[in-house]
Amino acid sequence: METIDNLNSLLGDSLKDTLQPGGKLKIAASCFSMFAYEALKEELEKLESVEFIFTSPTFAQGSSTDKIRKERREFFIPKLERERNLYGTEFEIQLRNKLTQRAIARECAEWIRNKVTFRSNATKSRMQEMACLDAQDEEPTVYFGLQGFTAVDLGYQKGEALSSFVNKFSGEAMTRQFLTSFDQIWQDEEKLEDVTAQVIEHISNVYSENAPERIYFVMLYNIFSEFLEDIDEDVLPNDRTGYEDSVVWKKLFNLSLIHI
């Protein structure tokens with residue numbers, strides 16, 4: 001067993017050495033970031049296949065992929081943090097600021113179409129995170145203890161965790177139980193839901209040509225998302241809170257009447 005602390009040794013560097021052409025990678029993680037793909041692009045592109053399980057309900061039916069007024073808008077915005085992480089976590093902001101997102105997203109989406117299947121835990125039961133590599137001519141390898149699959153989790157960007165230890169196991173005897181557990185869950189259609197199409201659609205939004213209407217609604221969402229999440233049909237906004245007097249409301253309200 002080898003312990004990776006993401007300080008003196010990095011998970012990303014270890015994966016670069018471990019991932020072999022033609023191998024099959026199996027990942028169970030809380031989230032996925034296209035910047036993790038960018039960091040390991042050369043190695044990931046050479047794999048035969050990747051099976052990815054979101055360990056908590058992510059992009060699952062009815063959770064956050066409901067399209068708001070779909071008859072008017074042909075896009076949707078992820079609400080959960082683990083879903084927004086597709087575009088980069090809050091700690092990967094330096095990568096996002098390089099203005100290379102569109103190129104990375106395009107390449108990542110194509111890689112997913114060719115090699116990757118995403119499934120989401122559709123239950124409330126907890127699943128442990130792990131990454132398993134089943135190579136053709138090498139002994140299988142398992143990484144146990146990772147959280148997400150992002151540039152931060154790979155050790156290439158600084159996060160907020162005080163410690164980030166991952167254990168690496170090699171050899172048939174040490175890894176078989178992990179691989180068997182992953183495969184059993186992967187094949188259980190009652191526990192997992194395929195969300196590959198949703199992931200591709202979200203990532204494709206990064207490099208698609210956006211109409212002014214779409215940018216307008218994205219802007220509205222980011223300004224008012226927290227406010228809107230706190231209301232429903234039974235609890236309507238209180239006009240006395242003064243939101244109608246805000247500069248943003250006065251500038252955008254008349255425009256919103258045109259589009260809604």
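Listed for the Lys115 side chain is a donor-acceptor partner under 3.5 Å among the backbone atoms of Leu47. Gln20 contributes a side-chain N or O that, together with a main-chain N or O of Asp17, makes up a donor-acceptor pair within less than 3.5 Å. With hydrogens and angles disregarded, a donor-acceptor distance shorter than 3.5 Å links the side chain of Thr175 to the backbone of Gly171.
For the 3.5 Å distance criterion, the side chains of Lys191 and Ser125 fail to qualify, holding no donor opposite an acceptor. The closest side-chain donor-acceptor pair between Tyr143 and Glu129, if any, does not fall under 3.5 angstrom. Side chains of Asp153 and Thr150: a donor-acceptor N/O pair is present below 3.5 angstrom, by distance only.
With rounding to the nearest 0.5 Å, the separation of CG in Asp5 from CG in Leu11 is 11.0 Å. Separation of atoms CH2 (Trp186) and CD (Glu51) is listed at 4.5 Å; rounding is to 0.5 Å. Here the straight-line distance linking atom CD1 of Ile53 with atom CG of Leu192 works out to 5.0 Å at 0.5 Å rounding. To the nearest 0.5 Å, the span separating CZ on Phe54 from CE on Met127 amounts to 12.5 Å. Annotation: the span from Ile203 atom CD1 to Met34 atom CE amounts to 7.5 Å, rounded to 0.5 Å. Rounding to the nearest 0.5 Å places CG of Leu179 at 9.0 Å from CG of Leu133.
For CD of Glu45, the number of neighbouring non-hydrogen atoms (other residues, nucleotides, ligands) closer than 6.0 Å is greater than 12. Heavy atoms of other residues, nucleotides or ligands lying less than 6.0 angstrom from NZ of Lys24 number 12 at most. Annotation for Glu172: atom CD counts as buried by contact number, over 12 foreign heavy atoms lying within 6.0 Å.
Ring orientation note: the planes of Phe32 and Trp111 are close to parallel, at an angle under 30° on the 30°/60° scale.
Here the shortest heavy-atom pairing between Ser120 and Ser56 reads OG-O, 3.6 Å. Between Ser170 and Lys168, the shortest heavy-atom contact is OG-CE, 4.1 Å. Nearest heavy atoms, Ala28 versus Phe182: N-CE1, 4.0 Å.
Linking ILVMFWY side-chain heavy atoms closer than 4.5 Å, directly or via other members, places Phe52 and Ile200 in a single hydrophobic cluster.
A side chain to side chain contact (heavy atoms under 4.5 Å, CB included) with Leu44 holds for exactly one of Leu15, Val116, Leu25; it is Leu25.
The pair Glu110-Arg113 counts as a salt bridge, with a side-chain nitrogen and a carboxylate oxygen less than 4.0 angstrom apart.
Here the side chains of Gln128 and Thr55 are not in contact, with every heavy-atom distance at 4.5 Å or above.
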